[in-house]
Student: 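Supplied in structure tokens, the structure appears directly below.
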Amino acid sequence: QVQLVESGGGLVHSGGSLRLSCVSSARTSGSYTVGWFRRAPGKEREFVAAIRWPFTITLYADSVRGRFTISRDNAKNTVYLQMNSLKPEDTAVYYCAARNGGLTTSSYDIWGQGTQVTVSS
């Protein structure tokens, strides 16, 4: 079973930046998608961004498009989420997830444990 481990969360001021990392415990063959999601206190989990391997096609939520960038490093089995111009409403626990197949905002099978991002005003 592939495991995903997130890191890079923390406390940042509004307008600041953070880079989250999602490391996979094993290299997966074929076409698959890695996504980032977040859950803010008292809210439902929401889709943030996704990237399809090996084509590097990406998908973003409207709320983060232009501020966040998802990317991958094949050699390190790692997907990154670069978050710029952070806002207090970006405060949440961020999770990475993986699924076989194409880009989608739901139906992910494997989840990491999450990393906390807090943006102060």
Side-chain angles (χ1 to χ4, degrees):
Q1 176 77 356
V2 173
Q3 292 184 322
L4 303 175
V5 179
E6 304 97 331
S7 63
L11 173 64
V12 65
H13 291 298
S14 181
S17 298
L18 283 173
R19 189 178 77 161
L20 305 183
S21 300
C22 173
V23 180
S24 171
S25 61
R27 187 178 299 276
T28 304
S29 62
S31 173
Y32 64 99
T33 295
V34 175
W36 284 97
F37 293 77
R38 65 187 182 187
R39 187 193 299 271
K43 295 187 177 181
E44 296 290 320
R45 184 176 63 199
E46 65 173 348
F47 170 80
V48 175
I51 186 166
R52 184 176 178 190
W53 227 293
F55 308 106
T56 323
I57 303 171
T58 58
L59 179 66
Y60 293 94
D62 289 342
S63 59
V64 305
R65 187 176 294 112
R67 298 189 298 123
F68 291 10
T69 302
I70 189 170
S71 62
R72 60 169 171 87
D73 185 329
N74 289 347
K76 296 181 178 180
N77 290 344
T78 301
V79 171
Y80 301 102
L81 185 68
Q82 177 67 44
M83 306 185 296
N84 299 328
S85 302
L86 283 162
K87 306 174 182 179
E89 51 263 44
D90 294 317
T91 295
V93 177
Y94 283 72
Y95 300 88
C96 70
R99 67 183 301 273
N100 288 323
L103 286 175
T104 181
T105 61
S106 62
S107 302
Y108 285 73
D109 307 303
I110 302 169
W111 291 82
Q113 83 289 348
T115 185
Q116 176 70 46
V117 171
T118 303
V119 184
S120 63
S121 58

Student: Among residues at least two apart in sequence or on other chains, which ones pass ring-ring contact (aromatic ring centres under 6.0 Å, His included) with F37?
Tutor: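 By the ring-ring contact (aromatic ring centres under 6.0 Å, His included) rule, F37 matches F47, Y108, W111.
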Student: Please indicate whether Q3 has more than 12 foreign heavy atoms, meaning atoms of other residues, nucleotides or ligands, lying under 6.0 Å from its CD.
Tutor: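 Not buried by this count: 12 neighbours or fewer within 6.0 Å.
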Student: Can you find a heavy atom in the side chain of Y94 that is under 4.5 Å from one in the side chain of E6?
Tutor: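 SC-SC contact between Y94 and E6 ruled out.
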Student: Once rounded to the nearest 0.5 Å, what's the spacing between atom CH2 of W36 and atom CG of L20?
Tutor: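 Going from CH2 on W36 over to CG on L20, the span is 4.5 Å.
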Student: Where do S14 and S121 come nearest, in terms of heavy atoms and distance?
Tutor: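 The pair with the smallest heavy-atom distance is CB-CA, 4.2 Å.
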Student: In terms of hydrophobic clustering (I, L, V, M, F, W, Y; side-chain heavy atoms under 4.5 Å; direct or indirect links), are L18 and Y80 co-clustered?
Tutor: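 No; tracing contacts between hydrophobic side chains, which count when under 4.5 Å, never links both residues.
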Student: Could you tell me which non-hydrogen atom of A49 sits nearest to which non-hydrogen atom of L81, and how far apart they are?
Tutor: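 Closest heavy-atom pair between A49 and L81: CB-CD1, 4.2 Å.
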Student: With rounding to the nearest 0.5 Å, note down the distance linking OG1 in T91 to CG in L86.
Tutor: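 Taking OG1 in T91 and CG in L86, the distance rounds to 8.5 Å.
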Student: What distance separates R39 CZ from E44 CD, expressed to the nearest 0.5 Å?
Tutor: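 Taking CZ in R39 and CD in E44, the distance rounds to 6.5 Å.
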Student: Can you find a pair of side-chain heavy atoms, one from Q116 and one from L11, that are under 4.5 Å apart?
Tutor: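 Q116 vs L11: side chains apart.
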Student: Just grab all the salt bridge (Lys or Arg N to Asp or Glu O under 4.0 Å) pairs involving residues 83-112, residues at least two apart or on different chains.
Tutor: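 Sorted pair list: R38-D90, R67-D90.
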Student: Minimum heavy-atom separation for T33 to G101, with atom names?
Tutor: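 Nearest heavy atoms, T33 then G101: OG1-O, 2.7 Å.
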Student: Check V5 against Q113 and note the closest heavy-atom contact, atom names and distance.
Tutor: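 The pair with the smallest heavy-atom distance is CA-OE1, 3.8 Å.
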Student: Kindly determine whether K76 and V23 satisfy side-chain contact (heavy atoms from CB on, under 4.5 Å), including the steps that lead there.
Tutor: CA-CA 8 Å; K76 296 181 178 180; V23 180; over 6 Å; no
Student: Once rounded to the nearest 0.5 Å, what's the spacing between atom CD1 of I57 and atom CD1 of I51?
Tutor: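 The CD1 atom of I57 sits 9.5 Å away from the CD1 atom of I51.
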Student: Is there a chain of hydrophobic side chains (I, L, V, M, F, W, Y, each step under 4.5 Å between heavy atoms) that links V34 to Y60?
Tutor: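 Same hydrophobic cluster.
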Student: Only counting residues at least two apart or in another chain, list the ones meeting salt bridge (charged side-chain N to carboxylate O under 4.0 Å, His left out) with R65.
Tutor: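 Partners of R65 under the salt bridge (charged side-chain N to carboxylate O under 4.0 Å, His left out) test: D62.
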Student: Between V93 and G114, what is the shortest heavy-atom contact and its length?
Tutor: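 Looking at all heavy atoms of both residues, the closest pair is CG1-CA, 3.9 Å.
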Student: Give me the atom names and distance for the closest heavy-atom approach of A98 to L4.
Tutor: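 Heavy-atom minimum between the residues: N-CD1, 3.8 Å.
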